[in-house]
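For reference, positions follow the sequence shown, starting with 1. Whatever order the structure lists ligands and atoms in, that order sets their numbers, starting from 1. Because the structure is predicted, anything quoted here is derived from the model rather than measured.
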Amino acid sequence: MTSIVPSARLVGLLQGRGPVLVLTGAGVSQESGIATFRDASGIWEGIDPMQVATPRAFAADPEFVWRFYDARRAQAATVEPNPAHHAVAAIEATGRTFLLATQNVDGLHERAGSRSLVRLHGSLWRLRCTRCGDEHEDLRPKLAPLPPHCAACGGMLRPGVVWFEEPLPMIEFARAERAAREAELVFVVGTSSLVYPAASLQTVGVSSGGYVVEINPVRTPFSDDASEHLSGPAGVVLPALLKAAGIPMDRAA
Ligand code: APR
């Protein structure tokens, strides 16, 4: 069922105390001004992901790959979380059993106050040494020179993100999968549900008996399996849903 108005059942579940899992993709950052990947004028329209988001691309031209990620870091540093990010943090703040599993690497959920989260695809703000494996957070909006090197061993650093052809972090994915099995209510927000294994989590939610709500302006390959599809931008739909459920948002605007 596609609607712009949440069902009474959804509002009731959101007012309840059952476990909630929120799955997000690039669409949740779109209203902050960060392009998604596959929409019109999306990131992958302008550049071939195989040229910048695979281990082979990095091995072939680390400086080219680093220029792509350095530009994304610089942009993410200039934008702010939007009401969708704040709404997700507000659901967590109710104190119910909650997990956010995000495919996003921009750090906006964390800046909006989300704490109970797993980063399925890593983070733009983490760097990992290709020689000694040291991984650390570096919040500088611009890195220079590119590619950066490890202070400990001098090895070349890589972005701490998961590239195509790489496995997801096992512990984080297992935690998200368990949450999908146990959740009474699952939100699938701003993702095309095209990239696996992250996109399998919503199906685990459905098969485990959860009420799975997709929030997206358009339908996706998952939409037919969703319990409910709320058609609209997350930064509008989520705050309206929280208002209907009487859940306060400290930073709606
Ligand atoms: N609110 C909610 N959804 C939105 C909004 C919005 N304001 N704007 C766009 N969307 C939806 C689009 O309709 C689309 O379904 O967000 C989705 C974005 O899809 P993608 O661009 O494919 O992004 P995502 O699903 O996160 O991609 C998954 O692919 O390239 C890899 O690693 C990358 O994590 C990424 C993964």
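Residue Pro233 has at least one heavy-atom neighbour below 4.0 Å for each of these atoms of ligand 1: 1 (N), 6 (C), 7 (N). Atoms of ligand 1 found under 4.0 Å from any heavy atom of Phe164, numbered from 1 in the order shown, are 30 (O), 31 (C). Close approach of ligand 1 to Glu31 is summarised as follows: ligand atoms under 4.0 Å from at least one heavy atom of the residue are 1 (N), 6 (C), 7 (N). Taking a cut-off of under 4.0 Å to the non-hydrogen atoms of Gly25, the atoms of ligand 1 that pass are 26 (O). Short contacts between ligand 1 and Thr191, defined as distances under 4.0 Å to a heavy atom of the residue, involve ligand atoms 15 (O), 16 (O), 17 (C), 24 (P), 25 (O). Distances below 4.0 Å separate heavy atoms of Val218 from the following atoms of ligand 1: 13 (O). In the vicinity of Trp44, heavy-atom distances shorter than 4.0 Å reach the ligand 1 atoms 30 (O). Residue-ligand proximity, Pro217 to ligand 1, at heavy-atom distances under 4.0 Å covers atoms 2 (C), 3 (N), 4 (C), 5 (C), 10 (N).
Nearest protein heavy-atom contact of atom 31 (C) of ligand 1 is Arg38 NH2, 3.6 Å. From the protein, the heavy atom lying nearest to atom 6 (C) of ligand 1 is Gly27 O, 3.2 Å. Protein heavy atom in closest approach to atom 26 (O) of ligand 1: Ala26 N, 2.8 Å.
Both the backbone and the side chain of Gln103 come within 4.0 Å of ligand 1, judged by heavy-atom distances. Counting heavy atoms closer than 4.0 Å to ligand 1, residue Val195 contributes side-chain atoms (C-beta onward) but none from N, CA, C or O.
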Listed pairs under 3.5 Å, donor-acceptor, residues 153-161 side chains, sequence neighbours left out:
| residue | atom | partner | partner atom | Å |
| --- | --- | --- | --- | --- |
| Arg158 | NH1 | Glu166 | OE2 | 2.7 |
| Arg158 | NH2 | Val161 | O | 2.7 |
| Arg158 | NH2 | Glu166 | OE1 | 3.1 |

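Trp44 and Phe68 have parallel rings, their planes meeting at less than 30° on a 0 to 90° scale where 60° marks the start of perpendicular.
Salt-bridge formation is not detected for the pair Arg115/Glu110: no Lys NZ or Arg NE/NH1/NH2 atom is positioned less than 4.0 Å from an Asp or Glu carboxylate oxygen.
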